[in-house]
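Position 1 is the first residue of the sequence, and the numbers go up from there.
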Amino acid sequence: MKHLMLVCWDAERMDAQAEPEPGEEREEESFPWLEDLQARGIWVTGDQLAPPRRARSVRVREGKAIVTDGPFAETKEAVGGFDILECDSLEEAVEIASGHPVAQIGTIEVRPLWAS
């Protein structure tokens, strides 16, 4: 069963991160939590998201698209990344989420995929 982890942390800290140069590759760093899940065949995919300052919120009202900068609601935490896991149960996904390093400073929201 697939589960989505929404990795949320301090929006201001995300917005303060320096922009990568165009074409610049991210430096690979050791991430034991991820390396363990990959070795166990649990991690499907995931990535860090660009900071909230680069987001756009889109709504359609009366047939017209309304685009605003950033997330819709003012919040201290914002979604900063995601992971999709293949787990046997929601309980297993929650246990894995509790080991994510960001869980110490932010929030990890775990949800089963609808059709999973």
Side-chain angles (χ1 to χ4, degrees):
M1 179 183 323
K2 288 189 176 78
H3 293 80
L4 171 67
M5 290 184 7
L6 295 173
V7 182
C8 307
W9 69 90
D10 187 280
E12 285 185 24
R13 282 180 52 191
M14 280 188 268
D15 276 334
Q17 291 176 317
E19 291 284 331
E21 294 297 322
E24 177 184 353
E25 291 191 28
R26 288 192 306 205
E27 184 178 314
E28 292 297 319
E29 57 187 70
S30 178
F31 196 18
W33 177 87
L34 177 59
E35 292 163 1
D36 175 60
L37 295 180
Q38 288 172 325
R40 293 166 46 200
I42 292 172
W43 189 79
V44 176
T45 191
D47 208 341
Q48 182 176 351
L49 300 175
R53 72 174 180 270
R54 296 209 16 221
R56 301 296 177 269
S57 294
V58 180
R59 293 168 207 66
V60 176
R61 302 296 183 266
E62 298 177 9
K64 182 176 180 188
I66 301 166
V67 180
T68 56
D69 290 344
F72 178 64
E74 288 294 320
T75 181
K76 291 190 183 288
E77 286 187 342
V79 178
F82 72 96
D83 293 283
I84 296 179
L85 309 176
E86 182 72 50
C87 301
D88 291 331
S89 66
L90 178 59
E91 291 75 19
E92 180 184 10
V94 167
E95 181 181 332
I96 290 168
S98 70
H100 193 293
V102 173
Q104 300 293 318
I105 60 168
T107 303
I108 310 293
E109 181 178 336
V110 181
R111 291 193 211 178
L113 297 187
W114 191 255
S116 183

**Asked** Same cluster for Leu4 and Leu90 if Ile/Leu/Val/Met/Phe/Trp/Tyr side chains link at under 4.5 Å?
**Response** no
**Message:** Could you check whether atom CD of Gln38 has more than 12 heavy atoms from other residues, nucleotides or ligands sitting under 6.0 Å from it?
**Reply:** yes
**Fill in**
Residues at least two apart in sequence or cross-chain that pass side chain to side chain contact (heavy atoms under 4.5 Å, CB included) with Ser98, listed by chain then number, are none
**Asked** So, for Ala93 and Val110, which heavy atoms are closest and what is the spacing to 0.1 Å?
**Response** CB-CG1, 3.7 Å
**Residue pairs passing the side chain to side chain donor-acceptor pair (under 3.5 Å) test where at least one lies in residues 103-112, sequence neighbours excluded** = Glu77-Thr107, Glu109-Arg111
**Item:** From Lys2 atom NZ to Ile84 atom CD1, the distance as rounded to the nearest 0.5 Å
**Value:** 8.0 Å
**Request:** Could you tell me whether a side-chain N or O of Asp15 sits under 3.5 Å from a main-chain N or O of Arg53, the two making a donor and an acceptor?
**Result:** yes
**Message:** Is there a continuous path of hydrophobic side-chain contacts, each under 4.5 Å between heavy atoms, that joins Leu37 to Phe82?
**Reply:** no
**Request:** Only counting residues at least two apart or in another chain, list the ones meeting salt bridge (Lys or Arg N to Asp or Glu O under 4.0 Å) with Arg54.
**Result:** Glu19
**Prompt:** Under a 4.5 Å side-chain heavy-atom rule over Ile, Leu, Val, Met, Phe, Trp and Tyr, are Leu34 and Trp9 clustered together?
**Reply:** yes
**Prompt:** Is Arg56 salt-bridged to Asp69, cutoff N-O under 4.0 Å?
**Reply:** yes
**Message:** For the CD atom on Glu95, are there more than 12 heavy atoms of other groups (residues, nucleotides or ligands in this structure) within a distance under 6.0 Å?
**Reply:** no
**Note, Thr68 side chain near Arg59 side chain (heavy atom, < 4.5 Å)** = yes
**Message:** Do Val94 and Ile42 sit in one hydrophobic cluster, given that two such residues count as connected whenever their side-chain heavy atoms are within less than 4.5 Å of each other, even indirectly?
**Reply:** yes
**Item:** Value rounded to 0.5 Å, distance of CE in Met14 from SG in Cys8
**Value:** 7.5 Å
**Request:** Provide the full list of ring-ring contact (aromatic ring centres under 6.0 Å, His included) pairs with a residue in residues 87-109, sequence neighbours left out, each pair given once.
**Result:** Phe31-His100, Trp33-His100
**Request:** Taking all heavy atoms of Ala97 and all of Ile108, pick out the closest pair and write down the distance.
**Result:** CB-CG2, 3.6 Å
**Message:** Rounded at 0.5 Å granularity, tell me how far OG in Ser89 sits from CE in Met1.
**Reply:** 7.0 Å
**Residues forming a salt bridge (Lys or Arg N to Asp or Glu O under 4.0 Å) with Arg40, sequence neighbours excluded** = Asp36
**Prompt:** Cluster question for you: counting only ILVMFWY and a side-chain heavy-atom cut-off of under 4.5 Å, with indirect links fine, are Val79 and Ile96 together?
**Reply:** no
**Prompt:** According to the ring-ring contact (aromatic ring centres under 6.0 Å, His included) rule, which pairs have a member within residues 39-69, sequence neighbours left out?
**Reply:** none
**Asked** Considering all heavy atoms of both residues, which atom of Pro52 and which atom of Ala78 are nearest to each other, and what is their separation?
**Response** CG-CB, 3.7 Å
**Message:** Between Arg13 and Ile105, is there a side-chain heavy-atom distance shorter than 4.5 Å?
**Reply:** yes
